[in-house]
Amino acid sequence: RAKDDGRNLIRFFSEAMQAVVAARAELELKLRAALACNGFRLYYQPQLDRNGRVIGAEALIRCFDAEGEMISPAAFIPLAEETGLIVPIGEWVLETACAQLRAWQRTPSTAGLSLSINVSARQFHQPDFVGKVAAAIERHRIRPGGLEIELTESVVIGDIETTVLRMRQIKALGVRFALDDFGTGYSSLSYLKRLPFDQLKIDQMFVRDMEKDTSSEAIVRAILALSRSLDLKVVAEGVETAAQHELLLTRGCELFQGYLFGRPVPIEDWKAG
Ligand code: C2E
Ligand code: MG
Ligand code: MG
Ligand code: MG
């Protein structure tokens with residue numbers, strides 16, 4: 001009967017929804033446990049210049065649960081942003097990255113390396129974010145020119161003036177900014193003109209499709225031309241093959257990051273310098 005079918009459907013959906021809610025609650029618990037019990041790690045992926053020299057790294061977070069199982073940031077960053085846990089997690093990233101940068105800066109062979117961290121919109125817009133960055137720089141006594149903050153376009157949600165002001169305050173400390181995942185957002189061009197970025201990162205989607213798809217290749221070329229006229233450096237993300245690297249070199253790309261050169265690794269396995 002129709003009425004029973006309806007009831008079954010409702011039960012089916014409510015069970016499915018409960019499963020989703022339970023999975024999210026479990027993940028949130030794991031994040032809280034990782035915060036309390038030292039369950040986060042930073043992995044470091046090299047960035048290279050046109051001569052193949054390692055000039056720095058991007059720090060990428062990993063979470064390990066109580067069983068030692070790794071949870072990827074793609075799986076937990078969105079929930080961390082929703083719950084606000086991204087704020088303490090992001091503070092841990094800033095601390096850990098600054099400590100590592102300090103270690104590099106006091107060793108002559110690694111003193112010139114830069115280190116990029118990813119900062120979520122929600123973290124960036126915390127009222128005391130500028131102060132936190134300034135305090136971390138001072139506490140770890142790093143030369144701030146080695147620190148770079150990667151933001152995505154989502155950082156401009158809301159008021160662009162506030163974002164520009166905040167970026168200027170942080171730039172005044174000596175820290176640089178990169179626009180991550182460039183080409184995947186909506187308003188790239190109008191924002192790009194107003195926000196004081198130093199660097200663009202071409203999203204790996206375009207790099208991946210560059211050879212087989214002429215529109216991706218055209219987009220890569222357009223981004224490189226645009227960045228030259230705006231005096232921005234460009235990092236190509238997700239470079240996996242020698243052919244992609246070759247093509248990017250030909251097009252004038254200056255910096256490279258991807259599995260071709262190195263996967264993200266824990267600091268014990270970091271060999272470049
Ligand atoms: P992202 O910042 O765009 O980082 C680049 C992602 O591409 C990383 O994934 C990296 O491991 C991956 N990747 C690098 N080279 C290659 C390649 O050649 N091929 C392929 N297929 N992938 C490559 P990961 O580490 O899983 O991080 C995913 C995203 O999570 C990051 O994207 C970033 O948006 C976010 N994330 C990572 N760490 C943090 C963090 O500390 N804070 C915040 N707020 N977000 C983070
Ligand atoms: Mg990034
Ligand atoms: Mg990216
Ligand atoms: Mg990304």
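Residue numbers count from 1 along this sequence. Every number for a ligand or one of its atoms is a count from 1 in the order of the listing.
Set against the non-hydrogen atoms of Asp180, the atoms of ligand 1 under 4.0 Å away are 1 (P), 2 (O), 3 (O). Within the listing of ligand 1, atoms 14 (C), 15 (N) sit less than 4.0 angstrom from a heavy atom of Gln45. Atoms of ligand 1 lying under 4.0 Å from any heavy atom of Val93, numbered from 1 in the order shown and given with element: 41 (O). Short contacts between ligand 1 and Gly258, defined as distances under 4.0 Å to a heavy atom of the residue, involve ligand atoms 15 (N), 18 (O). Atoms of ligand 1 lying under 4.0 Å from any heavy atom of Leu60, numbered from 1 in the order shown and given with element: 4 (O), 8 (C), 10 (C), 11 (O), 25 (O), 37 (C), 38 (N). Applying the 4.0 Å criterion to heavy atoms of Glu240 picks out, from ligand 1, the atoms 17 (C), 18 (O), 19 (N), 20 (C), 21 (N).
Contact annotation for Ile77 and ligand 1: only side-chain heavy atoms (C-beta onward) come within less than 4.0 Å of the ligand. Contacts between Arg208 and ligand 1 below 4.0 angstrom, taking non-hydrogen atoms only, are absent altogether. If you look at Gln257 next to ligand 1, there are no close heavy atoms at all, none under 4.0 Å.
Metal site remark for the Mg ion (ligand 2): Asn118 contributes an N, O or S atom at a distance under 2.8 Å. Taking 2.8 Å as the criterion, Glu58 counts as a coordinating residue of the Mg ion (ligand 2), since one of its N, O or S atoms falls below it. Taking backbone and side chain together, Glu150 holds no N, O or S atom under 2.8 Å from the Mg ion (ligand 3).
One distance of note links CG of Asp65 with CG of Leu27; it measures 10.0 Å at 0.5 Å rounding.
For Asp180, the N, O or S atom with the smallest separation from the Mg ion (ligand 3) is OD1. The minimum distance between the Mg ion (ligand 3) and any N, O or S atom of Asp181 involves atom OD1.
Put simply, Val239 and Leu60 are part of two different groups of oily side chains (I, L, V, M, F, W, Y) that touch within less than 4.5 Å, one to the next.
Between Asp198 and the options Lys171, Lys233, Arg176, a salt bridge (charged side-chain N to carboxylate O under 4.0 Å, His left out) holds for only Lys171.
Salt bridge status for Glu28 with Arg32: present, with a side-chain N to carboxylate O gap under 4.0 Å.
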